[in-house]
Trainee: 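Please read through the structure below; I'll follow up with questions.
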There are 2 protein chains.
Amino acid sequence: MASPAGGARGGVSVAQRRGGSPLDDDVSFLLARANALSLAAGNAALADYGLRVRSYSVLALAVGDARPSQRELAEFLRLDPSQVVALVDELQRRGLVRREADPADRRANVVVATTEGEACFAEARLAVRAAERELHAELSDDDHARLSELLQRLAFPS
Amino acid sequence: MASPAGGARGGVSVAQRRGGSPLDDDVSFLLARANALSLAAGNAALADYGLRVRSYSVLALAVGDARPSQRELAEFLRLDPSQVVALVDELQRRGLVRREADPADRRANVVVATTEGEACFAEARLAVRAAERELHAELSDDDHARLSELLQRLAFPS
DNA sequence: CCACATAATTGACATTCTCAATGGAATCGG
DNA sequence: CCGATTCCATTGAGAATGTCAATTATGTGG
């Protein structure tokens, strides 16, 4: 696959001869491509646990003491509230999270992981971390930290 | 909208109290969120030109002398070949690109921008760049260059 | 109490992702 | 040259995701 048939140019790929392509240093494009790779790897790693990146993210936030409402989950994960309904429905159906009425606001549901959900997440997390390490093998620890810091500023503009 | 009612905790958002959340320093998650923001801004900026980030990317690669085949476009943009068919169909219908038979491989179509396509891209590009600058206002030029370099390594692993 | 904003939910619809199958063309091994 | 295999573009189907409007119950401010 590294050397396609596509003869005329002697197997030189677009990526290699993208000299004047306007997408070259386009952060948006690089973001999209890196995200696509990351998403694919993540979903593959999570398949064994019956999770996808989406449901894993919800579960991750339900673990711990943040006790997010569905609206907060939607905002944090950049999802439409209606998508959160479906994700929580599914996780709840599987017994991994439960909805608790927010005592301070009876409109809101707080999403909390069950004991089983915490256990599932702990396992899944290992798989995700391993996949991520492999995907980021090119980056040193320093690079990784720098990237994380820069992305944080992009992902959570003040 | 910036200050939700969400009462009990005094307007403290999940993002602010995500102390122990396992997604905190998760590059994959940050990548997804930053990409979602970037995608939304890009599509908004391109709406005036009847383009979306997807079609804009294809057009960008069709401009210039790379002369990519559809398969190469798919690989570069991380799309399924069947998606490229639809994207090129649409751009071709609007007269922005054309398919040319690759003289070296009669199976392959090379996608090239028309004069009109080049003009449309030139305008659209300005809008995209402006939106991107605004979105990345938090980053200095150095930060931007560093981020670009790091993402390049993630997006195009060797 | 009233007018208005908000949280979760439902439903509809468009876009995107992923996969399998097909026809025409190239490549490789004999 | 021939057959087997691989590859490109295309079609079609089904799942996942994104976006939007409307509804119900609840909170907030006047």
Side-chain angles (χ1 to χ4, degrees), chain A residues 1-8 11 13-14 32-33 35-40 42-44 46-47 50-58 68-75 77-90 92 99-111, chain B residues 1-11 13-14 32-33 35-44 46-47 51-58 68-75 77-90 92 99-111:
Chain A
M1 198 234 277
S3 65
S13 77
V14 174
R33 203 185 138 102
N35 182 52
L37 292 171
S38 163
L39 207 55
N43 281 331
L46 287 167
L51 294 171
R52 308 183 49 78
V53 168
R54 272 304 166 66
S55 41
Y56 172 81
S57 301
V58 171
S69 71
Q70 295 185 199
R71 191 202 117 263
E72 289 174 318
L73 288 174
E75 184 183 320
L77 298 173
R78 272 247 117 195
L79 300 176
D80 189 89
S82 60
Q83 295 180 276
V84 176
V85 171
L87 286 165
V88 174
D89 277 353
E90 164 72 6
Q92 191 174 43
R99 287 172 163 97
E100 286 185 10
D102 184 338
D105 185 344
R106 284 186 303 168
R107 293 171 301 178
N109 293 331
V110 152
V111 180
Chain B
M1 196 222 278
S3 65
R9 306 185 196 84
S13 77
V14 175
R33 196 176 205 271
N35 182 52
L37 293 172
S38 162
L39 206 55
N43 281 331
L46 287 168
L51 294 172
R52 307 181 52 76
V53 168
R54 273 304 166 65
S55 40
Y56 171 81
S57 301
V58 170
S69 71
Q70 296 185 196
R71 192 202 117 265
E72 289 173 317
L73 288 174
E75 184 182 321
L77 298 173
R78 273 249 116 194
L79 301 175
D80 190 90
S82 60
Q83 296 179 272
V84 176
V85 171
L87 286 165
V88 174
D89 277 353
E90 164 72 6
Q92 190 173 43
R99 288 172 163 96
E100 287 184 10
D102 184 339
D105 186 343
R106 284 186 303 169
R107 293 171 301 178
N109 292 332
V110 153
V111 180

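Per chain, numbering begins at 1; letters A, B, ... match sequence-line order. No hydrogens, no waters, no symmetry mates; every other heavy atom, side chains included, goes into these values.
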Trainee: I want to verify a distance call: between C:dT16, D:dA9, C:dG11, whose nearest atom is closest to the A:S82 side chain?
Mentor: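 The answer is C:dG11.
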Trainee: D:dT19, OP1 or OP2 - any side-chain N/O from A:Q83 closer than 4.0 Å?
Mentor: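 Indeed not, no polar side-chain atom of A:Q83 lies that close.
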Trainee: Give, for atom CG of B:L51 and atom OH of B:Y56, the distance between the pair rounded to the nearest 0.5 Å.
Mentor: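 Reported to 0.5 Å precision, the distance equals 9.0 Å.
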Trainee: Can you name the nearest heavy-atom pair linking B:D102 to B:A104, along with the distance?
Mentor: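 Scanning both residues completely, I find the closest heavy atoms to be OD1-N, 2.8 Å.
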Trainee: Rounding to an integer number of Å, can you tell me how far B:L77 CG sits from C:dT18 P?
Mentor: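 One finds 14 Å between P of C:dT18 and CG of B:L77, rounded.
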Trainee: Looking only at heavy atoms, which two atoms of B:A74 and B:D80 are closest? And how far apart?
Mentor: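 The pair with the smallest heavy-atom distance is CB-C, 4.3 Å.
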Trainee: How long is the line joining CD of B:E90 and P of C:dT15, in whole Å?
Mentor: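 These atoms are roughly 10 Å apart.
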Trainee: At under 4.0 Å between heavy atoms, what does B:N109 touch on the DNA or RNA strands: base, sugar-phosphate, or nothing?
Mentor: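 Sugar-phosphate contact only.
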Trainee: Closest-nucleotide mapping onto DNA chain D: is A:P103 or A:V53 further toward the 5' terminus? I mean the 5' end.
Mentor: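 In this pair, the answer is A:V53.
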Trainee: Check B:S69 against B:E72 and note the closest heavy-atom contact, atom names and distance.
Mentor: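 The answer is N-OE1, 2.9 Å.
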Trainee: May I have the distance from A:R107 (atom CZ) to C:dA7 (atom C1'), rounded to whole angstrom?
Mentor: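 Those two atoms, CZ and C1', are 6 Å apart.
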Trainee: Between D:dA9 atom P and B:Q92 atom CD, what is the distance in whole Å?
Mentor: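 Rounded to the whole Å, the gap is 13 Å.
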Trainee: Could you tell me how far apart B:L39 (CG) and D:dG18 (C1') are, to the nearest whole angstrom?
Mentor: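 Spelled out: CG on B:L39 to C1' on D:dG18 is 10 Å.
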Trainee: What nucleotide, of C:dT9, D:dT10, D:dG27, holds the atom closest to the side chain of A:R106?
Mentor: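 Of all the options, the side chain of A:R106 is nearest to D:dG27.
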Trainee: Is A:R52 near enough to D:dT17 that one of its side-chain N or O atoms lies under 4.0 angstrom from OP1 or OP2?
Mentor: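 Yes, such a contact exists.
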Trainee: To the nearest Å, how far apart are A:D105 CG and C:dA8 P?
Mentor: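 The distance from CG of A:D105 to P of C:dA8 comes to 8 Å, rounded to the nearest Å.
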Trainee: Among A:L87, A:L79, A:V111, find the residue that satisfies the side-chain contact (heavy atoms from CB on, under 4.5 Å) test when tested with A:Q70.
Mentor: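 Of the listed options, the one satisfying the test is A:V111.
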Trainee: Quick one: CG on B:N43 to CZ on B:R52, what's the gap to the nearest 0.5 Å?
Mentor: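 Between atom CG of B:N43 and atom CZ of B:R52 there are 4.0 Å.
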Trainee: Output the distance between atom CG (A:L39) and atom CZ (A:R54), rounded to the nearest 0.5 Å.
Mentor: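 One gets 8.0 Å once the value is rounded to the nearest 0.5 Å.
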Trainee: A:D80 has a side chain; which of D:dC20, D:dT11, D:dC8 sits nearest to it?
Mentor: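 Looking only at heavy atoms from C-beta outward on A:D80, the closest nucleotide is D:dC20.
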Trainee: Looking only at side-chain atoms of B:D89, point me to the closest of D:dT11, D:dT6, C:dC17.
Mentor: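 Taking heavy atoms from C-beta onward, the closest nucleotide is D:dT11.
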Trainee: Assign A:R99 to base, sugar-phosphate, or nothing according to its heavy-atom contacts below 4.0 angstrom with the strands shown.
Mentor: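 Sugar-phosphate contact only.
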Trainee: Does A:R78 have a side-chain nitrogen or oxygen under 4.0 Å from the phosphate oxygens OP1 or OP2 of D:dT19?
Mentor: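 So the side chain of A:R78 is outside the cut-off, no N or O lying under 4.0 Å from OP1 or OP2 of D:dT19.
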Trainee: So which heavy atom on A:R33 is nearest to which on B:E75, and how close?
Mentor: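 In this case the closest contact between A:R33 and B:E75 is NH1-O, 2.9 Å.
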Trainee: Quick one: is B:R71 getting a side-chain N or O under 4.0 Å of the D:dC8 phosphate, OP1 or OP2?
Mentor: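 Yes, such a contact exists.
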Trainee: If each of B:L87 and A:Q70 is mapped to the nucleotide of DNA chain C with the nearest heavy atom, which maps nearer the 5' terminus, i.e. the 5' end?
Mentor: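 The residue whose closest nucleotide sits nearer the 5' end is A:Q70.
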Trainee: Round to a whole Å and report the spacing from CG of A:D102 to P of C:dA8.
Mentor: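 Value for this atom pair: 9 Å.
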Trainee: Please report, rounded to the nearest Å, how far the C1' atom of D:dA15 is from the CZ atom of A:R54.
Mentor: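 Rounding to the nearest Å, CZ of A:R54 and C1' of D:dA15 are 14 Å apart.
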Trainee: Angle, rounded to 10°, between the helical axes spanning five pairs at each terminus of the helix from C:dC1-D:dG30 to C:dG30-D:dC1?
Mentor: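 The helix from C:dC1-D:dG30 to C:dG30-D:dC1 shows an end-to-end axis angle of 40°.
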